[in-house]
Asker: 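Handing you this structure, nothing more for now.
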Amino acid sequence: MPRGQASSVSTHERPRVDAAVVSDKDNGRHRRSAYLLLGLLIVFLHGSWSVYRMQFANLPLPLDAEQAGKRGFSEASALKHVKYLTGLGPHPVGSDSLDLAVQYVYAEAEKIKKAAHPDVDVQLELFHTDIGANRLAGGLFKGKTILYSDLKHVILRFVPKYLPEAEENLILVSSHIDTVFTTGGAGDCSSCVGVMLELARGVAQWAHGFKSGVLFLFNTGEEEGLVGAHSFITQHHWRNSVRFAVDLEAMGIGGKSTLFQGTHQWALESFAAVAKYPSAQIAIQDIFNSGATNSATDFQIYLEVAGLPGLDFAYTDMTSVYHTKNDKMEHLKPGSLQHNGENMLAFLLHAASSQKFMEDAHEAKQESVEQKKAIFFDILGKYMVAYPQRLATMFHNSIIFHSLLILGTSLLMGRCSVLVSLGISCLSIILTLIFSIFLSVVVAFVVPHICPFPISFVANPWLVIGLFGSPALLGAFIGQHIGFILLKKHIEQVYSRTKPGLTGNKMDHIVGLEAERWIFKSGFLQWLIVLILGTYFKVGASYIALIWLVSPAFAYGLMEATLSPLRSPKHLKVVTLVLALAVPVVSSAGLVIRLVDVMVGTIVRADRNPGGLPGWFGNVVVAVAIALVVSFMFVYLLSYVHISGAKRALLSVLCASFGLAIVLVSSGIVPAFTEDISRTVNVVHVVDTTRMNDGSTEPLSYVSLFSHTPGKLTQELMELRGEEFSCGRNMTIDFATFTMMYGCRSYKRSNIGWSKSEVPMLHVESDSSTDDARRTIVSIDTKSSTRWSLAINKQEIDDFTIHVDSNKLVHLGGKSEVDGWHTIRFAGGKSSPTKFELTLFWSTNGTHASAKETKAEDFSPLVKLRTDVNRVTPMVDTVLEKLPRWSTHFGKSTSPYTLAFLTALPINI
C-alpha cells in the first residue's frame with residue numbers, strides 16, 4: 001500500500017507552493033472533462049462485458065463425426081443422443097419414459113462395445129439396485145433420510161486387455177439419465193449423457209494404451225436425492241475399484257461446462273495442464289458449499305460416502321430455465337457439448353495414461369481433503385491457474401503484513417493529521433456502502449408497486465443495470481463525495497497551519513487534489529479488509545481481493561507516489577486508473593457478471609415455501625448484491641469524479657438510465673417473463689384425508705395453485721376466470737416437505753380423476769409403554785404410489801426405524817431435524833414396495849395422552865404423509881391449458897406431482 005502523499009499534510013512541512021498550481025487559469029485547464037470520465041466509464045463497462053463474453057460465451061466450433069474422426073469428439077453425434085432423450089419428454093424415476101431412456105443408453109453402449117479397439121476389454125452392465133437408504137446428514141440433507149428401490153443404471157467399463165491391474169484402478173465418469181417430472185431435461189442432464197456416450201466412443205479407441213480403467217456410470221435417481229450415485233457406490237461390485245470421480249451436471253442449459261468443485265491440487269493441476277478450453281471458478285464452489293443454492297450433486301456422494309477425490313463440472317447458462325419446460329434443445333448453444341467433450345476427452349486420456357495420477361489418487365484417500373485444497377480459476381477461458389491453498393494463505397498473509405506495515409509507518413510519520421485522514425477515508429468506505437445499498441434497496445421496494453410483477457427483470461437481466469446499478473452507482477458516489485468533502489475540510493485545516501502561503505482558490509485546488517488521493521487510496525483499505533476476512537475464513541475466491549488490492553496499489557506507487565515530502569499534489573493520472581483496473585477487470589469482471597446472471601435466474605424458484613417470502617424479496621437480494629459490486633469495483637473510478645466537471649453529466653446519465661429502465665418494466669414494453677423464461681406456477685390436485693375420522697368423513701379434494709417465484713398470482717388468475725379459484729394466505733397446505741403459505745384453490749371438478757383406492761393409509765398396529773418408554777408401530781400403505789414423503793415430529797419422537805418385508809431399512813440413531821421435523825423421502829421404480837412398517841420411539845417429554853383425552857377438533861400431527869401420482873386429472877389439465885404461456889411448472893425432489901394425497905396421524909393417537 002504505497003504511502004503516496006500522506007506526508008503532504010504533516011505539521012512538520014515548510015510552506016511551499018508548487019509552480020504547477022500557481023494560477024487559477026491553470027486550475028481550470030487541468031480539470032478533467034465530463035467526456036473523458038464518461039469515456040472511462042464506458043470503457044470500464046464495455047471492457048467488463050467483453051471479458052465476460054470471452055470468458056463464458058466464447059465456445060468452440062462444433063465438429064461433425066467426420067471432422068472428429070474415430071478417436072475424437074463430435075458435438076453433432078452427441079446431439080443425436082440429446083435429441084432422442086429430450087424427445088421422450090419428462091422421464092422421472094418410475095416412469096415408462098425413463099425405462100425407454102435407459103434402454104436407449106444401453107443400446108448405444110452396446111454399439112460402442114462392438115466397435116471398440118480389439119485390445120480393449122469392454123464390460124457393459126444394466127445394474128438393477130436393491131432397496132437402500134441415503135443417510136447423508138450435512139448440507140441439503142440435514143433432517144432427511146432418502147430411501148430408494150428398483151433403480152436401473154447403465155455401466156460401461158473400459159480397461160486394456162493385457163493390463164489386468166487396471167481393473168482395480170478405475171476413473172469414474174458419472175451423470176444421470178433421469179429428469180424431474182416437469183421437463184425433458186435437454187440441459188439437466190441429457191446433454192451430459194450425450195457427452196458421456198460420445199466420450200465413451202472415443203475412449204473405446206484409446207483405452208488399450210491406458211494404465212487405468214475408465215468407468216462410465218449412467219445413473220437414475222439423481223433428481224430424487226442423489227440416490228443413483230448412492231446405490232452404485234454402496235452396492236455395485238466395482239465400487240471398491242474406483243479411485244477418482246468426475247461428475248457432469250447442469251444448473252442451467254448449455255454454455256461452458258465449468259469446473260466448480262475440486263478436491264485436490266494434483267487433480268486440478270492435471271485438468272489445467274490438458275484442458276483445451278479451461279473454465280473453472282472456485283468462487284462458485286464457495287457459494288455452493290455455503291448452502292446458498294440449496295442444491296447438491298452426485299459429487300457429494302462420491303466425496304462424503306466413498307471418500308473419493310474428484311472434479312465436478314456444470315453448465316451454468318440460463319439458470320432461469322432449470323427444472324422447467326424451457327430446458328429444451330432450442331436453448332442448447334452450439335459449441336456447448338464440444339467444449340465439455342474436448343476438455344473431458346483430453347483429461348481422461350491424460351489421467352488414464354498416467355501412472356502418477358493413479359498413485360496420487362491412492363494417496364488422496366489417506367490424506368485430509370483440507371490439507372490438499374487448492375485455489376483455481378481461469379483467465380479469459382484461455383488459461384487455468386491452480387495452486388495450493390496453503391501457498392495462497394502464506395502469500396495473502398505476506399501481503400496483509402506488508403500492507404499493515406506500510407500503513408503503520410505512514411501513521412507514525414504523519415501522526416495525528418494522517419490518522420484523522422485515514423479515519424475519514426474509512427468513513428467514506430462505510431458511507432459509500434450505506435448510500436449505495438440504501439438507494440438500490442429503495443428502488444427494490446418501489447418496483448413491485450408500479451410493475452405488473454414484483455420481479456420484472458428475469459427475462460431480461462440487463463434491466464438490472466438501470467434499475468439497481470444506476471441508483472447503486474449514484475449512492476456510491478454520494479457516499480464517497482461526502483467523505484471527500486470531510487477530507488477537504490480536515491486537510492484545509494491542516495494546510496492553514498502548515499502552509500499559510502496558500503489561500504483562496506489555490507488552497508482549495510491543492511486541498512482537493514490531496515483529498516482525491518486519499519479517496520483513491522481508500523480503495524486499498526477497502527480491499528485489504530476484504531482480503532483479511534477472506535483469508536481468515538479460508539474463502540477460495542479471496543484471490544480476487546488480492547488482485548484488486550495489489551494491482552491498483554502497484555499502479556499508484558509506479559505512477560503517483562513521490563519521494564519528496566515538499567512537492568504539492570497533482571491530478572491523478574488517467575494512465576494510473578487504466579493500469580490499476582486492467583488486471584482486476586480481466587481477472588474478475590466476467591465472473592461477477594456471471595454470478596449476477598445466475599442470481600437473477602435463481603429468483604424464479606427462490607420461495608421454497610410458496611408465499612413465505614414477500615414480493616420484494618428477490619428485488620432486494622439482487623439490489624444489495626449489485627450495490628456491493630458497485631461499491632467495491634467502482635471505488636477507484638469514482639475517485640476521479642470529485643474535482644472534475646463530470647458530476648452533473650454522471651448524474652444525468654444515471655438518471656436517464658434509471659428512468660428508461662423504470663419505463664420499460666412498468667409499462668410492460670419489456671416483459672417480466674416470456675415463453676422461454678417463465679414464472680414458476682405449479683398446479684396440484686390435492687386429496688386431503690388428514691382429518692378423516694374412522695373413515696366416516698369424505699376426503700377433501702381441490703386443485704391448488706402456487707408459485708416458487710415471490711409475488712401473488714394476480715396475473716395468472718386473470719387467465720383462469722370461470723375456474724372458481726380463490727386465493728389468499730388462508731389457503732395454507734402442508735405438503736410434508738414444505739408448506740404452501742400463499743396460493744389459490746378451486747373445488748371445481750375436483751372429485752374426478754382419482755379414486756379412494758389410491759388414498760394412502762397410516763394405521764397404528766400397536767402402542768405400548770414399558771418403564772416409562774413408549775413405542776408405537778405404524779403400518780404405511782402408499783397404495784399405487786412409489787414416490788412419497790413422510791415427516792416425523794421430532795419434538796415428540798426421539799428415534800424411529802423402518803422395516804420393509806421384515807428387513808430393517810432405517811436403523812436407530814443419527815436422526816437430525818429441521819424446524820422440529822425429520823423428513824423421509826422415497827422414490828423408486830414400478831416394482832418398488834408400497835408397504836412399510838414404522839416403529840416410533842417417543843421422547844421422554846412426548847405426549848402420552850390418548851385420543852379420548854383430547855378434543856376431536858384439536859389436530860397436531862405426529863406423522864405427515866404425502867404420496868405422489870404422476871397423473872394429470874381433468875381439472876389440472878384444464879388449468880394447465882389456460883395458464884399463460886409465460887408460466888411453467890417447476891419440479892424438484894421435494895415437489896409434489898400433479899396429483900398428491902395427504903394424510904396424517906395426530907399426536908394423541
Side-chain angles (χ1 to χ4, degrees), residues 92-94 129 131-149 151 176 178 180 219 221-231 233-234 288-305 323 605 608-609 612 708 734-740 778 780 782 785-804 808-828 832 836 838-841 861-868 891-897 900 902 904:
V93 169
T129 71
I131 194 168
N134 178 359
R135 294 288 305 278
L136 283 177
L140 186 65
F141 295 95
K142 183 180 180 182
K144 297 180 179 68
T145 298
I146 315 297
L147 309 180
Y148 56 86
S149 177
L151 303 177
H176 61 97
D178 64 305
V180 292
N219 71 66
E222 191 273 349
E223 298 293 5
E224 295 295 347
L226 317 183
V227 294
H230 187 274
S231 60
I233 216 67
T234 58
F288 203 77
N289 290 342
S290 71
T293 60
N294 191 37
S295 187
T297 71
D298 284 339
F299 188 71
Q300 185 175 352
I301 298 292
Y302 302 134
L303 178 61
E304 297 184 18
V305 177
H323 282 191
R605 54 184 182 275
R608 299 172 187 176
N609 294 297
H708 287 283
D734 189 338
F735 282 108
T737 53
F738 68 94
T739 300
M740 188 199 81
V778 179
I780 303 172
T782 62
S785 175
T786 58
R787 185 182 191 261
W788 50 266
S789 300
L790 183 79
I792 298 175
N793 190 335
K794 285 286 288 177
Q795 294 179 349
E796 300 289 336
I797 302 300
D798 184 59
D799 209 340
F800 62 86
T801 62
I802 295 181
H803 288 75
V804 180
K808 186 176 287 188
L809 182 58
V810 178
H811 297 262
L812 291 173
K815 312 296 195 313
S816 57
E817 63 180 75
V818 175
D819 298 329
W821 294 89
H822 185 94
T823 305
I824 304 167
R825 297 206 312 267
F826 180 94
S832 298
F836 305 82
L838 173 67
T839 303
L840 302 173
F841 298 88
L862 176 70
V863 174
K864 303 179 291 187
L865 174 65
R866 187 194 82 221
T867 59
D868 299 325
K892 56 181 179 178
S893 59
T894 57
S895 299
Y897 282 166
L902 306 179

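This structure is a prediction, so every number in the text was calculated from the model and none was measured.
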Asker: Does Arg605 reach the side chain of His323, with side-chain heavy atoms less than 4.5 Å apart?
Answerer: no

Asker: Judged by modelled atom types alone, do Thr145 and His822 share a side-chain donor-acceptor pair under 3.5 Å?
Answerer: yes

Asker: Quick one, Ile131 and Val804 - any side-chain contact, counting heavy atoms below 4.5 Å?
Answerer: yes

Asker: Taking the side chain as C-beta and beyond, is there a heavy-atom pair between Val863 and Leu840 under 4.5 Å?
Answerer: yes

Asker: Measure the NZ-CG distance between Lys794 and Asp799 for me, rounded to the nearest 0.5 Å.
Answerer: 5.5 Å

Asker: Could you tell me the separation between the CD atom of Gln795 and the CG atom of Asp819, rounded to the nearest 0.5 Å?
Answerer: 9.5 Å

Asker: Can you find a heavy atom in the side chain of Val810 that is under 4.5 Å from one in the side chain of Leu147?
Answerer: yes

Asker: Is there a side-chain contact between Tyr897 and Ser785, using heavy atoms and a 4.5 Å cut-off?
Answerer: no

Asker: CD/Gln300 to CG/Leu136 distance, rounded to the nearest 0.5 angstrom?
Answerer: 5.5 Å

Asker: Quick check on side-chain contact (heavy atoms from CB on, under 4.5 Å): which of Thr786, Leu902, Thr782 does Thr867 satisfy it with?
Answerer: Thr782

Asker: Please name the residue in the list Arg825, Lys892, Arg866 that meets the side-chain hydrogen bond (donor to acceptor under 3.5 Å, both in side chains) test with Thr737.
Answerer: Arg866

Asker: If every non-hydrogen atom of His811 is compared with every non-hydrogen atom of Thr801, which pair is closest and at what distance?
Answerer: C-CG2, 4.1 Å

Asker: Heavy atoms only: give me the nearest Tyr148-Ala133 pair and the separation to one decimal.
Answerer: CE2-N, 3.7 Å

Asker: With a 4.5 Å cut-off on side-chain heavy atoms, are Val227 and Thr129 touching?
Answerer: no

Asker: Would you check if Leu790 and Phe836 make a side-chain contact, meaning some heavy-atom pair closer than 4.5 Å?
Answerer: no

Asker: Just so I know, are the side chains of Pro861 and Trp821 near enough to count as touching, which here means a heavy-atom distance under 4.5 Å?
Answerer: yes

Asker: So how far is it from Asn134 CG to Ile146 CD1, rounded to the nearest 0.5 Å?
Answerer: 6.0 Å

Asker: I need the Ile797 CD1 to Lys815 NZ distance, nearest 0.5 Å.
Answerer: 11.5 Å

